[in-house]
Novice: 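Mind looking over this structure? Questions follow.
These numbers come from the heavy atoms of this one structure, side chains and all, not from hydrogens, waters or symmetry mates.
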Amino acid sequence: MYCPFCSHEETKVLESRVVEEAMRRRRECLGCANRFTTYEKAYFNLTVQKRDGRIQPFDLQKISASIEKACGKQEDQFIQNLTKKVEQKVLRKKTNPVKSVYIGNAILQELKKSDQIAYLRFASIYKGFEDPHAFKKEIKDLLA
């Protein structure tokens, strides 16, 4: 870590703590003794394999937008929490590329636990119901 004041290469960490999704570190330069704060967050070059075989970069905004469409007028915090849970499931999978089917099923699982109407909305698009009987069967499975 370079000091932003004198560009000295050596610093020492005085304090570390987790802040939201990052690691906050308070540092002191061993060259000029100035103190500064850094925030560290891990970034992944995660990709998604679509059903047709195409590979795309993982985009959390797409997941958030699809959850938001399914949830209708839910609070933003609710949607953010669901999105974060899905992201954690995807990261725990530890595979790259991640199949889009896995992501869709993770969204369905989280919606089923928290908002059953949103689950049905998402499932109707994701599973591509073309027959009302298939939709009726999904409702029965949900109620069981």
Side-chain angles (χ1 to χ4, degrees), residues 1-129 134-144:
M1 168 100 312
Y2 289 97
C3 172
F5 303 106
C6 70
S7 298
H8 192 294
E9 290 184 28
E10 294 182 45
T11 62
K12 93 175 159 181
V13 176
L14 303 173
E15 172 192 357
S16 294
R17 67 175 179 231
V18 176
V19 178
E20 294 179 18
E21 297 176 3
M23 178 66 73
R24 178 189 185 275
R25 296 193 195 276
R26 189 74 181 138
R27 297 177 181 270
E28 181 177 23
C29 175
L30 297 178
C32 67
N34 281 319
R35 293 181 177 190
F36 59 98
T37 303
T38 60
Y39 293 89
E40 301 171 18
K41 183 176 178 179
Y43 289 96
F44 304 99
N45 190 16
L46 195 58
T47 55
V48 177
Q49 183 177 9
K50 306 297 266 180
R51 288 182 184 181
D52 63 4
R54 290 179 296 132
I55 302 222
Q56 295 181 336
F58 178 77
D59 187 359
L60 197 57
Q61 293 300 323
K62 285 185 178 181
I63 292 172
S64 181
S66 63
I67 291 172
E68 189 173 345
K69 285 178 188 174
C71 289
K73 296 182 180 182
Q74 278 283 7
E75 294 179 16
D76 287 340
Q77 187 63 40
F78 177 80
I79 294 166
Q80 287 174 359
N81 288 341
L82 276 177
T83 304
K84 197 174 286 189
K85 287 178 184 177
V86 171
E87 179 187 27
Q88 289 170 351
K89 279 187 177 185
V90 169
L91 292 175
R92 272 191 242 119
K93 181 98 166 118
K94 296 182 182 176
T95 59
N96 199 13
V98 177
K99 294 187 185 251
S100 62
V101 173
Y102 178 80
I103 296 171
N105 287 332
I107 294 170
L108 282 172
Q109 288 173 356
E110 291 303 319
L111 286 173
K112 193 173 194 176
K113 288 186 233 173
S114 56
D115 187 341
Q116 294 180 344
I117 299 299
Y119 166 83
L120 288 172
R121 284 186 196 127
F122 187 84
S124 68
I125 302 297
Y126 179 70
K127 293 183 178 184
F129 295 138
F135 194 69
K136 185 177 180 180
K137 182 184 179 301
E138 190 70 32
I139 293 171
K140 283 183 181 178
D141 290 345
L142 185 62
L143 293 174

Novice: Check Ala33 against Glu28 and note the closest heavy-atom contact, atom names and distance.
Specialist: O-OE2, 3.7 Å
Novice: Taking the side chain as every heavy atom from C-beta outward, state whether Val48 and Ile103 have any atom pair closer than 4.5 Å.
Specialist: yes
Novice: Got a second to check how far Cys32's SG is from Phe5's CZ, nearest 0.5 Å?
Specialist: 7.0 Å
Novice: Any side-chain heavy atom of Phe36 sitting closer than 4.5 Å to one from Thr11?
Specialist: yes
Novice: Can you tell if the side chain of Leu14 reaches within under 4.5 Å of the side chain of Arg35, non-hydrogen atoms only?
Specialist: yes
Novice: Does atom CD of Glu40 have more than 12 heavy-atom neighbours from other groups under 6.0 Å away?
Specialist: yes
Novice: Can a donor-acceptor pair be found between the side chains of Arg26 and Thr37 at a distance below 3.5 Å?
Specialist: yes
Novice: Quick one: pull up CG in Leu111 and CD1 in Ile117 and give me the separation to the nearest 0.5 Å.
Specialist: 11.5 Å
Novice: For a quick test of your reading: what N or O donor-acceptor pairs under 3.5 Å do the side chains of residues 89-100 make, sequence neighbours left out?
Specialist:
unit_1 : atom_1 : unit_2 : atom_2 : d
Lys89  : NZ     : Gln109 : OE1    : 2.7
Lys89  : NZ     : Glu110 : OE2    : 3.0
Asn96  : OD1    : Thr47  : N      : 2.8
Asn96  : OD1    : Thr47  : OG1    : 2.8
Asn96  : ND2    : Asn45  : O      : 3.0
Ser100 : OG     : Gln49  : O      : 3.4

Novice: Using a 4.5 Å cut-off on heavy atoms from C-beta on, say whether the side chain of Leu82 contacts that of Ser64.
Specialist: no
Novice: Between atom CD1 of Ile67 and atom NZ of Lys85, what is the distance when rounded to the nearest 0.5 Å?
Specialist: 10.5 Å
Novice: Can you confirm whether more than 12 heavy atoms, excluding those of Asp141, are under 6.0 Å from its CG atom?
Specialist: yes
Novice: May I ask you to establish whether Arg51 and Tyr126 are in a cation-pi arrangement, using a distance under 6.0 Å from NZ or CZ to the six-membered ring centre and at most 45° from the ring axis?
Specialist: yes
Novice: Decide, yes or no, whether a salt bridge links Asp52 with Lys50 under the criterion of side-chain N to carboxylate O below 4.0 Å.
Specialist: no
Novice: Quick one: are Met1 and Arg27 in side-chain contact, heavy atoms under 4.5 Å?
Specialist: yes
Novice: Which pair of non-hydrogen atoms, one from Phe122 and one from Gly104, has the smallest distance, and what is that distance?
Specialist: CE2-O, 3.8 Å
Novice: Is there a side-chain contact between Ile125 and Arg121 in this structure, where contact means two heavy atoms from C-beta onward sitting under 4.5 Å apart?
Specialist: no
Novice: Give the minimum heavy-atom separation between Cys29 and His8, together with the two atoms involved.
Specialist: SG-CB, 3.6 Å
Novice: To the nearest 0.5 angstrom, please state how far the OG atom of Ser124 sits from the CZ atom of Phe135.
Specialist: 5.5 Å
Novice: Please confirm whether the backbone N or O of Ile79 pairs with a side-chain atom of Thr83, one donor and one acceptor, at under 3.5 Å?
Specialist: yes
Novice: Evaluate Tyr119 against Ile107 for side chain to side chain contact (heavy atoms under 4.5 Å, CB included), listing each step before the verdict.
Specialist: CA-CA 9 Å; Tyr119 166 83; Ile107 294 170; over 6 Å; no
Novice: Report the distance from atom CG of Leu108 to atom NZ of Lys113, rounding to the nearest 0.5 Å.
Specialist: 12.0 Å
Novice: Is the shortest side-chain N to carboxylate O distance from Arg17 to Glu15 below 4.0 Å?
Specialist: yes
Novice: If you look at every heavy atom in Leu142 and Gln116, which pair is closest and at what distance?
Specialist: CD2-CB, 3.8 Å
Novice: Below 4.5 Å, heavy atoms only, C-beta onward: do Lys136 and Lys140 meet side chain to side chain?
Specialist: yes
Novice: Any heavy-atom pair between the side chains of Met23 and Val18 that's under 4.5 Å?
Specialist: yes
Novice: Minimum heavy-atom separation for Phe78 to Ser114, with atom names?
Specialist: CZ-OG, 3.6 Å
Novice: Is it true that a side-chain atom of Asn105 and a backbone atom of Val101 form a donor plus acceptor pair closer than 3.5 Å?
Specialist: yes
